[in-house]
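Remarks on the structure that follows.
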Amino acid sequence: MMKSVADARPSATANRQRSRDRSLDTAVGLLIVLVVWGHAIAPLSGPYAEALEQWLYMFHMPAFVFLSGYLTRKSSHWSPGKIAARLLFPYAVFQVLHAGVLSLTAGEAHWPSLVQPAWTTWYLLSLLVWRLAAPWLVKIPYLVPVTFVVALGSGVIAAIGPDLSLARTLGFLPFFALGLVWKEEWFARLRQLPVRMLAFAAFVAAGVFSFITEDQVSRRIFFLHEDYADLHYSDVDGIVVRAGVLLAGFALTLAFVSLTGWSRRWLAQAGVASLAIYLLHPLVLYPGREHGYSTVIGEGAWLLIMVLAAPLFAYAVSRPAVIRVTRPLMDSTWWTQRRTSRREASAAQTG
């Protein structure tokens with residue numbers, strides 16, 4: 001998941017476009033828009049924004065990780081070197097960019113760290129581990145229950161924290177595992193009308209729960225990057241709370257799968273360009289994240305603005321021209337191809 005359109009080689013573009021499942025691209029595109037929207041409304045502190053953000057965090061990252069696992073399973077190529085280069089290169093670049101933009105926004109120096117992921121870059125490290133481990137994960141019997149237990153147990157150990165995204169790698173692992181074991185025919189079963197009605201009801205119920213509990217439930221429990229002691233839970237209480245978070249994530253991920261399966265061109269393009277959207281949107285949102293939004297207009301108006309701005313941003317970044325311009329920031333092969341071209345041109349001149 002999260003491949004830029006720039007990843008496609010020109011000679012293979014037509015074949016890939018014919019063979020791609022545009023409904024999956026659309027689902028990824030919808031999720032990446034929700035990711036942008038969730039981060040955009042985070043500085044708002046009113047009850048509606050808090051409830052909407054809680055509702056989003058109940059499913060959007062679990063569903064994102066699930067699709068990552070599913071697309072990893074479908075991939076016919078597994079190359080540790082290419083996987084590492086594809087994910088570590090943008091991680092290093094955007095660690096620097098995050099530090100630079102944060103320094104300008106906050107008015108004080110912030111230095112990049114290779115160990116402590118900056119805001120959203122944690123996903124690149126977790127995805128790296130998941131994809132590298134995929135050939136061995138699929139051999140584990142009862143993979144989803146096993147990883148569920150691992151996710152619960154990881155919150156007990158204080159040493160498993162945000163460094164190198166270890167806590168989130170283990171916390172979200174059950175959703176990646178579900179994607180790895182997912183079978184093609186299960187999509188059709190979930191998309192039958194009675195199941196879709198239940199899926200819609202599940203999302204409504206999650207929304208109602210979020211509005212009722214927005215002032216009682218900490219959003220930090222959905223991030224899965226802290227141990228139970230940091231969340232002020234005993235180990236037993238922490239396991240119970242995290243089990244609820246994971247089970248809700250599973251239920252709403254399946255509900256999301258049930259309600260998707262359709263295709264929209266612009267959302268599919270956003271899905272193909274989701275890496276660029278994911279990496280670039282925090283750089284735009286840092287001022288609001290650090291200083292909040294103007295109080296001249298109310299929370300409702302800001303929510304409406306963000307509802308419109310999130311898909312517009314995704315649409316703009318997914319344009320081929322933007323992908324071409326930003327490709328050097330996220331694709332190491334752009335640099336290798338450039339060096340190769342220069343060497344060939346130099347050889348031709350000297351020859």
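- With sequence neighbours excluded, no residue forms a salt bridge (Lys or Arg N to Asp or Glu O under 4.0 Å) with E214.
- Residues L254 and L178 approach most closely at CD2-CD2, 4.4 Å, considering heavy atoms.
- Within a 6.0 Å sphere centred on CG of L114, other residues, nucleotides and ligands contribute 12 heavy atoms or fewer.
- Side chain to side chain, Y293 and E299 fail the donor-acceptor criterion of an N or O pair below 3.5 Å.
- Counting heavy atoms from C-beta outward, E108 and L102 have side chains that stay 4.5 Å or more apart.
- Counting non-hydrogen atoms of neighbouring residues, nucleotides and ligands closer than 6.0 angstrom, the OH atom of Y315 reaches no more than 12 such neighbours.
- Inter-residue side-chain proximity for Y278 and Y123 is flagged as met; some heavy-atom pair is nearer than 4.5 Å.
- Checking side-chain atoms of W334 against main-chain N and O of R324 turns up no donor-acceptor pair under 3.5 Å.
- Counting only heavy atoms from C-beta outward, the side chains of F187 and L24 approach each other to under 4.5 Å.
- Between S68 and L127, the closest side-chain pair of non-hydrogen atoms falls below 4.5 Å.
- Counted by atom type alone, T213 and Q54 present one or more donor-acceptor pairs between their side chains at under 3.5 Å.
- Because its NZ or CZ atom is both nearer than 6.0 Å to the ring centre of W119 and within 45° of the ring axis, R289 counts as a cation-pi partner of that residue.
- In the hydrophobic clustering of ILVMFWY residues, with side-chain heavy atoms under 4.5 Å counting as a link, V129 and V181 come out apart.
- Counting heavy atoms from C-beta on, the side chains of L124 and L275 come closer than 4.5 Å.
- For the side-chain contact (heavy atoms from CB on, under 4.5 Å) with T147, the lone residue among I140, L173, L246 that qualifies is L173.
- Taken together through direct or relayed side-chain contacts under 4.5 Å among Ile, Leu, Val, Met, Phe, Trp and Tyr, V36 and I305 form part of one hydrophobic cluster.
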_Worked verdict on F211 versus W55 for side chain to side chain contact (heavy atoms under 4.5 Å, CB included)_ = CA-CA 8 Å; F211 276 97; W55 178 74; over 6 Å; no
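- Taking 4.5 Å as the limit, every side-chain heavy atom of F89 sits out of range of all side-chain heavy atoms of D331.
- Using a 4.5 Å cut-off between side-chain heavy atoms of Ile, Leu, Val, Met, Phe, Trp and Tyr, with links allowed through other members, I239 and F222 fall into the same hydrophobic cluster.
- No side-chain donor-acceptor contact under 3.5 Å links R265 and T26.
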Item to complete: Would you sort out whether V208 and I212 count as a side chain to side chain contact (heavy atoms under 4.5 Å, CB included), showing the intermediate values?
Response: CA-CA 6 Å; V208 172; I212 293 174; 3.7 Å; yes
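- At a threshold of 4.5 Å between non-hydrogen side-chain atoms, the residues I83 and L128 count as touching.
- Taking the six-membered ring where the residue is Trp, the centroids of F66 and W182 are separated by under 6.0 Å.
- Identified under the ring-ring contact (aromatic ring centres under 6.0 Å, His included) test for residues 227-272, with sequence neighbours left out: F175-F250.
- Checking side-chain atoms of R220 against main-chain N and O of D230 turns up a donor-acceptor pair under 3.5 Å.
- W130 contributes atom CH2, which lies 10.5 Å from atom CG of L125 (distance to the nearest 0.5 angstrom).
- Note: S318 OG to I277 CD1 = 5.0 Å, rounded to the nearest 0.5 Å.
- Two residues are said to be in side-chain contact when any heavy atoms from C-beta on lie closer than 4.5 Å; V257 and W186 fail this criterion.
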Extract all donor-acceptor atom pairs below 3.5 Å that involve side chains of residues 150-171 and protein atoms in other chains or at least two apart in sequence.
unit_1 : atom_1 : unit_2 : atom_2 : d
S154   : OG     : A151   : O      : 2.8
S154   : OG     : R242   : NH1    : 3.2
S165   : OG     : W122   : O      : 3.3
S165   : OG     : S126   : OG     : 2.8
R168   : NE     : F223   : O      : 3.0
T169   : OG1    : S126   : OG     : 2.8
T169   : OG1    : S165   : O      : 2.6

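- In this structure, the separation between NE2 on H98 and OG1 on T105 is 11.0 Å, given to the nearest 0.5 Å.
- A donor-acceptor pair is defined here as one N or O able to donate and one able to accept, closer than 3.5 Å; no such pair exists between the side chain of R264 and the backbone of G29.
- Closest non-hydrogen pair, A276 versus I323, comes out as CB-CD1, 3.7 Å.
- Atom CG of L44 is separated from atom CH2 of W302 by 8.0 Å, given to the nearest 0.5 angstrom.
- Between H281 and H39, the ring-plane angle classifies as parallel under the 30° and 60° cut-offs.
- Closest of all the heavy-atom pairs between A314 and V33 is CB-CG2, 3.8 Å.
- If you take CG on L252 and OH on Y57, they are separated by 15.5 Å, rounding to the nearest 0.5 Å.
- The shortest heavy-atom contact between V101 and Y286 is CG1-CD1, 3.7 Å.
- I297 and L304 fall into different hydrophobic clusters, defined by Ile, Leu, Val, Met, Phe, Trp and Tyr side-chain heavy atoms under 4.5 Å apart, directly or through other members.
- The CG atom of L88 sits 11.0 Å away from atom CD of Q95, with the distance rounded to the nearest 0.5 Å.
- A distance-only check finds a donor-acceptor pair linking the side chain of S258 to the backbone of L190 [under 3.5 Å].
- Residue V93 is not grouped with residue W111 when hydrophobic side chains (ILVMFWY) are merged at heavy-atom distances under 4.5 angstrom, including chains of intermediate members.
- Between P80 and L132, the closest heavy-atom pair is CA-CD2, 3.7 Å.
- Taking each heavy atom of A268 and D25 in turn, the nearest pair found is O-CB, 3.6 Å.
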